[in-house]
Number of protein chains: 2
Amino acid sequence: MISGWEGIREEVLRRIRVRDWPPGETIPTEEELAAEFGVARATVNRALRELAGAGVLERRRKAGTRVALLPVRKATLDIPVIRQEVEARGQVHGFTLLTRTEGAPPVPVASRLGLGPSARAIYLETLHLADGRPFVFETRWLNPAVLPKPLPDFGVVSANEWLVAHVSYETGDIAFTAEAADAREAAVLGVAEGAALFVTERTTWTAEAAITLVRLAHVPGYRLQTMI
Amino acid sequence: MISGWEGIREEVLRRIRVRDWPPGETIPTEEELAAEFGVARATVNRALRELAGAGVLERRRKAGTRVALLPVRKATLDIPVIRQEVEARGQVHGFTLLTRTEGAPPVPVASRLGLGPSARAIYLETLHLADGRPFVFETRWLNPAVLPKPLPDFGVVSANEWLVAHVSYETGDIAFTAEAADAREAAVLGVAEGAALFVTERTTWTAEAAITLVRLAHVPGYRLQTMI
DNA sequence: GAGTGGTCTAGACCACCTC
DNA sequence: AGGTGGTCTAGACCACTCT
């Protein structure tokens, strides 16, 4: 017996899998499905909305709901604070602040932060450790104009955690690349120059201004994983 | 004026950002917020449910809704078919089937596919091109036992697209790593041996059995990007 | 036990889009 | 112009979990 919006979601998925409703086909309207399953239309809507969000269905007003022809699968990644990521592996997290300077950032950084040419920014280099071994080399630019005062000693509190605790919510973008370790990264992470590093780059914004631009170079062997 | 569930979501976010509701704090109940905003409780529920899904709020029955202390940010990645990915860059997609063999897969592959030691599998090597230049080197194991017949000529139809069109829905996992190009990868992609490659590995399953295990080695410079 | 979120209903109106 | 999904309402019952 099918009941509840999750039951309806599973039943719709089953019909797609067994090709009752093959890719590209228009499935019955919400009203028809509601009648068939004996539920309210809102319940059907909830189920179909979830499947559309997952890329399985495509919905347009008036045109109806179709099974996606080339489903763009959606994968959700969890982006935890580095300390949590290390502790989730059962290891002990530590970090060392290697560099802290302040000054005008290089032009590409300034432009990605949306700063004028003479604006000043804080630059931090931090090495994160897992069980005492290098794990992530973090290089970060901070926009001091939008940070709450007073600023902490980033040698004691990692910028990562101070930010999530003191700048409540932000939007931004995130990118992943593979890059060869340069001389500095190789020395800090204790790997050979040219080693393949998994690199995460994030820019985060408040409603108006950029907060921080951070680059995380992970030690070789790092694996970012999720279920589909 | 605040109205609609999206308006309520933005207002809640605003209050979190300006620290009316700092991290860890319990916010008013759905009923109280519904009264304040002059909407039905279901509308508030929709807004708060979205924010909980994004990792901004934590909700528990009886305990109420709190602002997440260490928000585990969720990023949603689109995993398109390679052809779409190439075409989205305004380039022309092409591909060449380099190898097709059939036989018992190596043990690590068999175990990840959940196959017995003597089971046979199809192995494909495909080079995907963007504007005629190497883009992705795909190596794929297929479990023929669960594939619909007849199998196509994978030199004409890419396995990637044939699967999404003929095996309607599947679950699986996906992982991203950075790896140094081995001799074969370097030769096929036309890069130096040891170059840093962005590698995607996917396993996909039907309800019971594994369908395919695929490894995509992207040419250096590849960037996987999303908004947060 | 009781408070809170999770879900469902029956109905309604609206926005968008195809026809 | 009309059909379809998107959203909202007011109310209800239920599931979970904290006390």
Side-chain angles (χ1 to χ4, degrees), chain A residues 1-16 20-69 71-72 74 76, chain B residues 1-16 20-69 71-72 74 76:
Chain A
M1 190 54 198
I2 288 129
S3 81
W5 69 269
E6 290 176 302
I8 290 171
R9 182 189 60 193
E10 295 313 311
E11 172 62 12
V12 170
L13 273 179
R14 191 191 66 76
R15 293 185 185 181
I16 293 173
D20 280 354
W21 296 335
E25 181 146 323
T26 301
I27 75 173
T29 66
E30 293 188 348
E31 204 158 1
E32 289 164 343
L33 290 174
E36 177 190 344
F37 294 129
V39 300
R41 183 165 77 90
T43 307
V44 173
N45 178 276
R46 173 80 184 268
L48 299 186
R49 180 155 40 80
E50 294 261 328
L51 291 172
V56 177
L57 298 176
E58 291 169 358
R59 319 194 73 197
R60 282 203 315 280
R61 287 157 148 122
K62 167 74 177 178
T65 301
R66 313 161 115 253
V67 180
L69 262 181
V72 176
K74 261 85 168 175
T76 303
Chain B
M1 190 54 196
I2 288 129
S3 81
W5 70 268
E6 289 176 304
I8 290 171
R9 183 190 60 193
E10 295 313 310
E11 172 62 11
V12 170
L13 274 178
R14 191 190 65 76
R15 292 185 186 182
I16 293 172
D20 279 355
W21 297 335
E25 182 146 324
T26 301
I27 74 173
T29 66
E30 294 188 347
E31 204 159 1
E32 290 165 345
L33 290 174
E36 178 191 342
F37 294 128
V39 301
R41 183 166 78 89
T43 307
V44 174
N45 179 276
R46 173 82 184 268
L48 299 187
R49 180 157 38 82
E50 294 261 327
L51 291 172
V56 177
L57 297 176
E58 291 169 358
R59 320 194 73 195
R60 280 204 316 282
R61 289 157 147 124
K62 166 74 177 178
T65 300
R66 311 159 116 254
V67 180
L69 263 181
V72 175
K74 261 88 169 174
T76 303

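Letters A, B, ... are given to chains in the order of the sequence lines, protein chains preceding strands, and every chain is numbered from 1. Atom set for the values below is all heavy atoms of this structure, side chains included, hydrogens, waters and symmetry mates excluded.
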Exercise. Would you say the side chain of B/Thr65 lies within less than 4.5 Å of the side chain of B/Thr26, judging by non-hydrogen atoms?
Worked result: no

Exercise. Which residues satisfy the salt bridge (Lys or Arg N to Asp or Glu O under 4.0 Å) test with B/Glu30, sequence neighbours excluded?
Worked result: B/Arg41, B/Arg59

For this session: Return no unless some side-chain N or O of A/Arg59 is found under 4.0 Å from OP1 or OP2 of D/dT4.
Result: no

Exercise. With a 4.5 Å heavy-atom cut-off, do B/Leu33 and B/Ile8 have their side chains touching?
Worked result: no

For this session: Would you please name every residue forming a salt bridge (Lys or Arg N to Asp or Glu O under 4.0 Å) with A/Arg49, sequence neighbours left out?
Result: none

Exercise. Residues from residues 61-68 of chain A sitting under 4.0 Å of DNA chain D, heavy atoms only?
Worked result: A/Arg61, A/Lys62, A/Gly64, A/Thr65

Problem set entry | Distance in angstrom units between B/Arg60 CZ and D/dC18 C1', rounded | 9 Å

Problem set entry | Other residues, nucleotides, ligands: >12 heavy atoms within 6.0 Å of B/Glu25 CD | yes

Problem set entry | B/Leu57 vs B/Ile16 side-chain heavy atoms within contact, under 4.5 Å | yes

Exercise. Taking all atoms of both residues into account, what is the closest heavy-atom pair of A/Trp21 and A/Pro28, and its distance?
Worked result: CZ2-CD, 3.6 Å

Seminar exercise, completed: Sorted by chain and number, sequence neighbours left out, salt bridge (Lys or Arg N to Asp or Glu O under 4.0 Å) with A/Glu36 holds for A/Arg15

For this session: Go through residues 32-53 of chain A and report each residue with a non-hydrogen atom lying under 4.0 Å from DNA chain D, sorted by number.
Result: A/Arg41, A/Asn45

For this session: Check whether any side-chain heavy atom of B/Val44 sits under 4.5 Å from a side-chain heavy atom of B/Val12, and report yes or no.
Result: no

Exercise. Using a heavy-atom cut-off of 4.0 Å to chain A, what are the terminal contacting nucleotides of DNA chain C, in 5' to 3' order?
Worked result: C/dT7 to C/dT18

Problem set entry | A/Pro71 vs A/Val56 side-chain heavy atoms within contact, under 4.5 Å | no

